[in-house]
Amino acid sequence: MSKIRLEEIAKQRIESFAKLGKAHLYLAYHAAFPLALTPDLLYRLWVQFQRDIDDQVLGIPWVAVADLLVSSLCNEVGYELYEMDLTVRNLLLSRLQEDKKFGQQRINELSSFLLDYVRPKLESKDPDIKDFALTQQWTALAYTQPNKVAHELALEFDKLDFNNEAELIRIVSLTETFAQPLAEFDPLLSYARGMGKLARGNLEAATVQISKILEGENKIWVAGVDLPIPEKIKANLPELFEQLANHKNALKRSRISSLFFLSILALGMLIGGTGIYLFRFQTSQLPQNSLCPKETYSLNDRISLGEEILLKQDTNSDKEAGVKAFLESKCQLAIDKLNLYRKANRTDPEALIYLNNAKARQKGDRLKIAVSVPIGTNPNVAKEMLRGVAQAQDEVNSSGGINGKVLEVAIANDDNDPSESAQLATRFGKDTNILAVVGHNSSNASLSAAPVYQKDGLVMISPTSFAQNLSSFGSYIFRTAPSVKSITDSVSNYAIKIAGKTNFLICVDYQGIDNQSFNNEFVKAIKAAGGQINSTECDISAHDFNPSAVISQAVSSGANALVLGLYIDKIKQGLAVAESNQGQLTVFGSPTLFTDETLKNGRGINGLIISAPWYPAAFPNNIFPQKAQKLWGATVNWRTATAYDATLAIIAGLQRTNRRDELQKVLHNPNFSVDGAMGKIQFLPSGDRTNNAIFLVKVQQIPGTDNYEFVPIQP
């Protein structure tokens with residue numbers, strides 16, 4: 001029966017059931033989500049989903065449960081087990097997604113519901129119950145995590161005995177059931193169709209189907225799995241390839257007009273049945289630069305060169321298709337898709353890095369570095385850092401590369417977690433192709449990873465770690481961020497000598513190494529400048545921390561200034577202190593507070609004074625801000641500038657040597673210098689940057705609006 005006819009029948013069945021009322025139809029929408037139904041499951045769906053996403057009552061009556069199970073929409077396939085026809089199910093799910101009452105949000109809610117429902121059954125000792133629960137779990141994930149389901153199905157094929165035709169057909173049918181949510185995984189669906197033809201005894205058709213998705217050396221790489229090719233098909237492939245070769249030679253010998261050429265192809269299709277396919281298959285293999293070398297990392301999905309999206313909140317179908325193509329070594333397709341994505345989202349640095357990585361793979365001759373950022377815990381800060389790396393990579397690759405070699409960048413997510421950072425450092429240390437690392441973000445992460453980099457002889461340049469004890473850690477450890485001492489000195493001098501403040505309440509997160517360092521250095525700087533420290537204790541990480549009570553106590557004991565020394569992942573707690581302050585104390589802070597999150601806090605942070613190593617107008621003759629604005633379509637902040645300079649320093653070093661041990665010597669050389677976003681990039685013997693300027697900015701309300709901005713304080 002044709003697909004059109006099946007859809008007509010499905011629509012008739014749905015319209016017939018809809019006559020019972022809209023509420024009945026709403027239940028059918030939701031019941032289409034699970035792969036199979038039981039009375040218990042349908043009843044629970046009825047209880048759980050009585051309201052739409054706007055919390056409006058749907059009014060689905062209890063009788064709708066029984067009405068649905070006995071309707072033409074459901075088929076009883078076992079004792080108290082029901083299934084919907086696949087076409088009916090897909091139509092109902094499409095309507096659910098298109099209906100403004102439900103949409104993708106309801107799909108996500110249904111996925112969570114079904115996962116909770118089947119979770120206890122996954123531990124069942126009954127293999128049938130366990131297998132059925134696993135299938136329902138895949139159903140729940142297919143619409144929210146299609147990558148995971150594609151991978152699981154590919155693994156099922158990988159461990160399959162191809163002589164077990166019943167099991168083969170079962171897996172094939174299951175894969176085809178998920179065709180709609182797995183539409184982006186066409187090779188997997190094509191593989192399943194080929195296996196279905198094989199199970200039904202049509203070896204010739206199965207061979208042709210499988211040959212469509214073959215990669216180099218007769219491999220089929222799908223969703224991270226190298227899928228097996230049955231021996232029967234392997235034996236048939238040489239004859240097919242011989243036909244391809246003959247066809248290609250015939251095409252080369254013929255020099256005919258396009259019209260006549262197409263006529264020959266049409267004739268070939270009539271005679272041989274597969275002529276056009278053979279032509280398309282062969283010509284699709286001709287461009288040598290369409291495929292590129294495969295290389296992936298495996299460390300709990302924390303590292304990607306382009307084969308996986310780490311910034312999952314920034315994506316669309318083009319980015320997903322580009323990453324999928326990169327995973328499958330289809331470089332040109334990856335480039336095309338990522339270019340399309342960047343037209344819709346210019347501010348995504350991950351996409352630009354992956355785009356340049358695909359071009360680097362396509363070119364072949366490349367040098368590789370890595371960058372480690374806190375994507376999982378602070379994606380906005382991660383993106384700020386990645387923009388600096390991406391901009392430097394894009395500029396050097398666009399201008400011919402490093403001595404003719406282009407730059408490839410591996411992105412890592414360390415979550416600012418010291419243990420994860422150390423593991424990533426170990427992984428990078430073992431990969432001898434990685435010549436340097438930009439990172440990490442927090443001092444906690446950098447201080448944990450630094451011993452590993454030092455031991456393995458791998459250069460690390462942190463663009464954002466302030467801790468004083470990172471200086472002189474080892475010959476392979478550098479930073480373009482200022483040290484805590486330079487920050488505290490500049491803030492203290494302004495607060496005491498310009499703003500006239502004398503009594504300081506210091507609020508820090510004592511769980512953060514850089515915040516402890518900040519506290520110690522600030523105490524020294526304040527006392528050296530003639531101020532005093534208020535005795536009120538203010539530890540924002542304390543479980544019983546009460547910002548209002550702390551502020552009140554400090555004011556009562558004579559405080560007239562508040563200093564916030566915050567760990568990057570504790571900005572919200574720190575801003576709560578500023579909000580509780582309500583203007584009683586003048587508030588000062590470290591560069592950590594230079595984020596969009598701070599500006600969104602509104603009146604609570606009006607007048608906040610913070611230090612920063614860079615802001616757009618800090619270096620008047622530097623073209624970096626203009627280049628950044630053009631590339632990203634938006635202004636950038638100091639983390640982008642320091643990450644850009646860290647990457648630029650590595651690039652300049654690699655122009656002199658591509659050996660790890662020699663790179664650190666080049667960077668330490670007093671004659672080493674390169675122009676960056678913040679002026680000359682040079683390093684002291686300690687690994688700190690020379691002449692690292694510190695600027696003060698103030699949070700100020702934009703006149704006539706409810707918005708706030710950072711405004712430089714003129715010296």
Side-chain angles (χ1 to χ4, degrees), residues 313-314 345-349 378-388 391 464 487 490-491 494-495 498-501 507 547 551 560-566 568 570-644 677-678 693-715:
Q313 66 273 49
D314 291 340
N345 191 345
R346 288 170 60 190
T347 62
D348 183 351
N378 207 318
N380 289 330
V381 166
K383 285 189 281 189
E384 290 167 2
M385 295 173 67
L386 287 175
R387 287 187 189 110
Q391 184 167 340
T464 56
I487 294 170
S490 64
V491 173
Y494 177 85
I498 305 298
K501 303 303 174 183
C507 290
I551 294 292
N560 58 9
L562 166 65
V563 176
L564 295 175
L566 304 176
I568 189 66
K570 295 289 181 67
I571 285 180
K572 289 182 179 178
Q573 292 90 323
L575 292 178
V577 180
E579 191 170 353
S580 298
N581 177 53
Q582 296 183 346
Q584 298 175 80
L585 306 173
T586 301
V587 186
F588 301 88
S590 70
T592 301
L593 283 167
F594 203 123
T595 68
D596 288 339
E597 185 177 346
T598 297
L599 295 178
K600 291 175 183 176
N601 215 52
R603 293 182 180 178
I605 46 82
N606 195 27
L608 168 68
I609 297 170
I610 64 176
S611 58
W614 181 91
Y615 65 91
F619 298 86
N621 299 321
N622 197 302
I623 62 172
F624 169 76
Q626 291 77 21
K627 290 161 67 177
Q629 176 73 40
K630 183 177 179 181
L631 181 64
W632 305 112
T635 56
V636 295
N637 72 11
W638 70 267
R639 293 181 187 84
T640 301
T642 54
Y644 175 84
M678 300 152 60
I694 294 292
F695 304 92
L696 295 177
V697 296
K698 185 176 184 178
V699 175
Q700 189 170 290
Q701 189 170 11
I702 300 173
T705 74
D706 292 328
N707 300 320
Y708 292 79
E709 63 181 344
F710 293 111
V711 177
I713 297 175
Q714 299 303 324

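Residues take their numbers from the sequence shown, with the count starting at 1. What you see below is based on every heavy atom in this structure, not just the backbone, and it leaves out hydrogens, waters and symmetry mates.
- To the nearest 0.5 Å, the span separating CD1 on Ile487 from OG1 on Thr592 amounts to 7.5 Å.
- Between Val587 and Asn581 there is a side-chain heavy-atom pair separated by less than 4.5 Å.
- At least one side-chain heavy atom of Thr347 sits less than 4.5 Å from a side-chain heavy atom of Asn345.
- When side chains are defined from C-beta on, Val381 counts as touching Met385, because their heavy atoms get closer than 4.5 Å.
- The shortest non-hydrogen separation linking Leu585 to Ala561 is CD2-N, 3.9 Å.
- The minimum heavy-atom distance linking Ala576 with Pro547 is given by the pair O-CB, 4.1 Å.
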| message | Assess the residue pair Leu608 and Leu593 against the criterion (side-chain contact (heavy atoms from CB on, under 4.5 Å)); give the C-alpha distance rounded to whole Å, side-chain angles, the decisive distance to 0.1 Å, and a yes or no. | response | CA-CA 9 Å; Leu608 168 68; Leu593 283 167; 4.2 Å; yes
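- Val697 is listed as a side-chain neighbour of Ile610, based on a closest heavy-atom distance under 4.5 Å.
- Contact annotation: the side chain of Pro616 never approaches that of Phe710 to less than 4.5 Å [non-hydrogen atoms, C-beta and beyond].
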| field | Test side-chain contact (heavy atoms from CB on, under 4.5 Å) applied to Val699 and Leu599, step by step | value | CA-CA 7 Å; Val699 175; Leu599 295 178; 4.1 Å; yes
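- Atoms CG and CD1, on Leu562 and Ile551 in that order, are 5.0 Å from each other to the nearest 0.5 Å.
- The aromatic rings of Phe624 and Tyr644 are tilted relative to each other, their planes meeting at an angle between 30° and 60°.
- Side chain of Asn622 to backbone of Ala677: a donor-acceptor contact under 3.5 angstrom is found.
- Atom CD1 of Ile702 has more than 12 heavy atoms from other residues, nucleotides or ligands within 6.0 Å.
- For the residue pair Cys507 and Val577, the shortest heavy atom distance occurs at SG-CG1, 4.1 Å.
- Remark: Ile498 CD1 to Ile713 CD1 distance equals 10.0 Å, nearest 0.5 Å.
- Rounding to the nearest 0.5 Å gives a distance of 8.5 Å between CG of Leu696 and CZ of Phe588.
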Going by atom type alone, with no hydrogens or angles, which donor-acceptor pairs under 3.5 Å involve a side-chain atom of residues 628-637 and a protein atom two or more places apart or on another chain?
residue : atom : partner : partner atom : Å
Gln629  : OE1  : Thr635  : N            : 3.4
Trp632  : NE1  : Gln391  : OE1          : 3.3
Asn637  : OD1  : Arg639  : N            : 3.0
Asn637  : ND2  : Glu384  : OE1          : 3.0
Asn637  : ND2  : Glu384  : OE2          : 3.1
Asn637  : ND2  : Phe594  : O            : 3.4

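- The structure places CH2 of Trp638 at 13.5 Å from CZ of Phe695, a figure rounded to the nearest 0.5 Å.
- In this structure, Gln700 CD and Asn606 CG are separated by 7.5 Å, a value rounded to the nearest 0.5 Å.
- No side-chain donor from either of Thr598 and Asp596 sits under 3.5 Å from a side-chain acceptor of the other.
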